[in-house]
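Notes to accompany the following structure.
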Amino acid sequence: MTLFSTKAPVVYKSFSDYPTYAEENLWTYYTPKKTTFKLWSPVAEEVAVHFYTTGDGGEHLGKIELEEIDEGLWAMEVKEDLLGVYYTFQVKVKGKWLNETPGIYATAVGVNGKRAMVLDLAATDPKNWENDKGPDVASPNEVVLYETHVRDFTISGNSGSSKPGKFLGLVEQGTSNPEGLPTGIDHMKELGITHVHLLPAFDYMSVDESVLDKPQYNWGYDPQNYNVPEGSYSSDPYCAEVRIREFKEMVQGFHSNGLGVILDVVYNHTGLTEGANFNLEVPGYYYRHAEGTWSNASGCGNETASERIMMRKFIIESCRHWAQEYHIDGFRFDLMAIHDIETMNLLTAELKKVNPNIIVYGEGWTAGGSPLSYTQRASKSHTYMLKQVSAFSDDIRDALKGSVFDARSRGFVSGAHGMEESIKFGVIGSIQHPEVHSGRAAWAREPWQSVSYVSCHDNQTLYDKLKISCGDASEEEIINMHLLANAVVLTSQGIPFLHAGVEMLRTKKGEHNSYNLPDEINQINWNWKTSYNDVFTYYQQLISLRRAHPAFSMPTAEMVYHHLEFIKTSPGLVGFQLKGNANNDSWKNILVYYNANKTAVRFTLKEAWQVAVKGKTINQSGIETVRHEVEVPPVSMLMLFQE
């Protein structure tokens with residue numbers, strides 16, 4: 001039966017005049033006896049829910065009208081068992097019915113995300129899900145992050161995966177490359193990372209889930225349904241429950257192997273603008289505007305308005321949904337400076353209630369101008385005001401390899417002059433330190449608020465950047481620069497972040513923006529592990545050393561001030577000492593030198609030291625004992641210790 005009762009249009013002077021309901025539960029709620037539908041839309045004259053047999057096409061079962069139970073708040077209970085029924089909302093504004101939408105709070109959708117489905121989420125839980133738990137995290141800089149794209153990691157024919165490009169392919173054990181070397185999750189465990197950072201894995205627009213036999217690729221930074229996993233990574237995108245169950249099985253697989261799962265989230269913009277789900281419910285409200293049009297700090301056509309009550313509510317509740325329903329261990333915020341400081345602080349406080357081990361970090365910049373006041377932005381320069389949030393350090397990134405905006409520019413490891421103070425600023429985690437004079441203002445309150453990295457999915461891979469900027473360098477020289485760059489990352493006080501495949505000299509054939517390029521460019525080629533196994537071994541052993549020695553992950557700035565002192569050195573050389581069993585380390589004193597020069601550097605010692613790292617050799621038990629003099633090989637790290 002169809003019901004209608006049109007109300008007179010309400011005119012508001014501004015979005016701030018809209019009635020809001022920060023505490024209202026707007027999520028569709030199912031029981032076998034009834035399902036409750038709710039929607040917030042102050043400008044709606046009517047709101048209807050349509051019912052369908054399938055997520056695309058199929059039979060239209062009818063529609064019902066929601067009642068306005070309070071100003072702008074619409075609801076209806078359907079007292080029958082709707083399990084498995086697909087539905088959409090439709091809103092009438094200014095006498096016109098807008099397009100149907102699954103609703104911004106949809107938690108299950110059919111193929112291509114056009115219709116939501118009524119679902120008992122508990123029925124999608126894997127066996128023993130109630131006991132599933134991610135790793136404990138005492139301080140965020142104890143974590144070693146590893147960023148990958150779901151498809152990239154297993155889609156290559158030499159990955160050995162029986163589920164290539166899928167959620168479950170990521171956690172399939174026992175896979176290997178043609179030479180028998182571990183791939184997939186076994187490779188991650190062998191490498192020693194602690195948390196897997198997945199590029200967007202929510203339901204995004206750009207891949208057509210109905211034709212997965214057709215070559216398609218996208219990173220996924222074009223959000224469609226924020227609270228649902230991406231269908232193309234499931235075994236069956238037509239059945240709404242399958243992607244949910246398989247995502248949970250993936251998380252459980254990572255957790256059972258001791259690995260945490262970080263979601264890359266993109267709340268700063270949507271893939272569509274006028275036709276986005278937000279605008280099909282409350283046109284214009286969820287976005288910022290400038291000069292009569294959509295403001296565009298994202299560089300993608302729009303930017304969301306986190307400072308508005310109902311957008312803030314959505315972001316917080318959406319993240320909480322992933323943390324509670326999917327047991328997610330952390331979130332990486334795309335273009336985090338588009339969001340306001342208050343929202344990020346409220347969000348992290350809420351997430352810590354769900355799981356105290358959750359970590360949150362993001363890009364502390366925008367891609368363009370924004371009407372949001374600079375003083376309100378969750379930018380890198382305001383990280384000290386963010387209570388439980390970290391930000392990427394583009395300072396250490398560009399200091400190590402050169403600017404990402406100029407492929408030919410060089411950094412410390414590739415021979416640029418005058419980068420020593422910038423490297424030191426990165427080593428301390430972007431906090432204040434009396435011995436660092438980089439000219440940069442300290443922006444982190446604690447060292448763990450700085451995410452140390454030299455490469456990620458954006459821009460050229462580290463290998464490609466070094467090849468382009470150092471065209472006259474030999475392969476061996478490129479490898480030495482490559483190892484030194486992440487040796488700095490893995491011995492800094494910030495959170496170390498690695499781009500998947502960097503441990504095997506990953507290349508994208510020089511491409512700097514591969515967001516929609518084919519698998520041939522983006523995939524992990526597991527033959528690299530065979531060709532560059534010595535590079536893999538170096539990364540593996542250095543990660544092991546970092547995790548075994550808490551001196552490299554001191555939790556407070558005060559501890560860094562007390563235990564880390566720099567050594568006066570010559571150009572192209574950075575040295576520091578971690579002294580006094582820093583952070584209860586078993587090593588009493590640690591000496592670290594980074595030599596970016598093409599020649600070896602010798603220096604004298606007053607006491608006997610054990611060598612832990614020299615050139616490509618790492619041995620935590622000690623390679624040799626040195627007493628009077630030691631040499632740092634060209635373009636490499638030297639590490640000494642005293643017990």
Side-chain angles (χ1 to χ4, degrees), residues 1-2 26-30 34-41 44 46-66 74-78 80-93 97-121 123-124 201-212 220 222-247 270-272 274-283 286 314 318 321 325:
M1 184 170 69
T2 303
L26 296 176
W27 300 73
T28 297
Y29 180 70
Y30 164 81
K34 66 179 181 181
T35 298
T36 303
F37 299 93
K38 285 187 180 179
L39 186 137
W40 174 74
S41 183
E46 296 179 51
V47 178
V49 177
H50 297 258
F51 298 102
Y52 298 90
T53 55
T54 61
D56 184 49
E59 182 184 353
H60 183 223
L61 299 174
K63 62 181 177 180
I64 62 168
E65 183 188 22
L66 274 63
W74 303 78
M76 174 60 71
E77 285 184 354
V78 178
E80 58 181 283
D81 192 347
L82 295 181
L83 184 67
V85 173
Y86 288 86
Y87 68 91
T88 60
F89 291 99
Q90 192 173 27
V91 172
K92 187 178 185 181
V93 179
W97 285 101
L98 306 182
N99 290 337
E100 295 175 42
T101 167
I104 63 174
Y105 288 95
T107 57
V109 297
V111 66
N112 286 325
K114 298 298 185 183
R115 295 172 184 166
M117 190 177 84
V118 178
L119 183 64
D120 177 9
L121 286 172
T124 66
F202 51 70
D203 185 52
Y204 58 85
M205 287 177 45
S206 47
V207 169
D208 185 346
E209 298 170 2
S210 69
V211 287
L212 294 182
D222 53 337
Q224 183 171 356
N225 293 294
Y226 280 102
N227 304 306
V228 190
E230 164 61 18
S232 67
Y233 299 149
S234 73
S235 63
D236 186 354
Y238 285 88
C239 295
E241 67 272 23
V242 172
R243 64 180 77 190
I244 297 171
R245 184 183 305 112
E246 291 180 351
F247 192 100
T270 51
L272 291 176
E274 284 86 352
N277 291 335
F278 286 130
N279 280 327
L280 295 178
E281 292 190 13
V282 191
Y286 291 99
F314 178 81
S318 178
H321 173 72
E325 186 66 34

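We count residues from 1, following the sequence as given. For clarity, every value in this text was computed on a predicted model and none was experimentally measured.
Rounding to the nearest 0.5 Å places CD of Q224 at 7.0 Å from CG of L272. Considering CD1 of I104 and CG of L280, their distance stands at 11.0 Å, rounded to 0.5 Å. For the atom pair NE2 (H50) and CD (E100), the distance works out to 4.0 Å, reported to the nearest 0.5 Å. In this structure, the separation between CD on E325 and CZ on F247 is 11.0 Å, given to the nearest 0.5 Å. The structure places CG of L39 at 5.5 Å from CZ of F89, a figure rounded to the nearest 0.5 Å. For the atom pair L83 CG and T35 OG1, the distance stands at 8.5 Å (nearest 0.5 Å).
Every residue two or more places apart in sequence or in another chain that forms a side-chain hydrogen bond (donor to acceptor under 3.5 Å, both in side chains) with Y87 is listed here: T28. Residues passing the salt bridge (Lys or Arg N to Asp or Glu O under 4.0 Å) test with E241, sequence neighbours excluded: none. Applying the side-chain hydrogen bond (donor to acceptor under 3.5 Å, both in side chains) criterion to N277, with sequence neighbours excluded, gives T101, N225. Checked against salt bridge (Lys or Arg N to Asp or Glu O under 4.0 Å), E77 has the following partners two or more places apart in sequence or in another chain: K34. Considering only residues two or more places apart in sequence or on other chains, E281 meets the salt bridge (Lys or Arg N to Asp or Glu O under 4.0 Å) condition with none of them.
Heavy-atom minimum distance, A108 versus A240: CB-CB, 4.1 Å. Contact record, P283 with L98: CG-CD1, 3.9 Å, taken as the closest heavy-atom pair. The minimum heavy-atom distance linking N227 with S318 is given by the pair OD1-OG, 2.5 Å. Considering all non-hydrogen atoms of both residues, V282 and S41 come closest at CG2-CA, 3.8 Å.
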Task: Derivation of the side-chain hydrogen bond (donor to acceptor under 3.5 Å, both in side chains) call for Y233 and E209 - done: CA-CA 9 Å; Y233 299 149; E209 298 170 2; over 6 Å; no
- [ ] With side-chain hydrogen bond (donor to acceptor under 3.5 Å, both in side chains) as the test, would you mind laying out the steps for Y30 and D81 before giving the verdict?
- [x] CA-CA 8 Å; Y30 164 81; D81 192 347; 2.8 Å; yes
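Residues in residues 105-120 take part in these side-chain hydrogen bond (donor to acceptor under 3.5 Å, both in side chains) pairs, two or more places apart or across chains: N112-D208.
Looking only at side-chain heavy atoms (C-beta outward), V118 and F37 come within less than 4.5 Å of each other. Using a 4.5 Å cut-off on side-chain heavy atoms (C-beta onward), I244 and L119 make contact. D203 has its side chain within reach of V109: a pair of non-hydrogen atoms, C-beta onward, lies under 4.5 Å apart.
Seen from the ring of W97, K63 counts as a face-on cation partner, given the 6.0 Å and 45° thresholds.
Aromatic rings of Y286 and F278 (six-membered ring for Trp) have centroids within the 6.0 Å cut-off, being under it. In this structure, the ring of Y204 has its center no less than 6.0 angstrom from the ring center of Y226.
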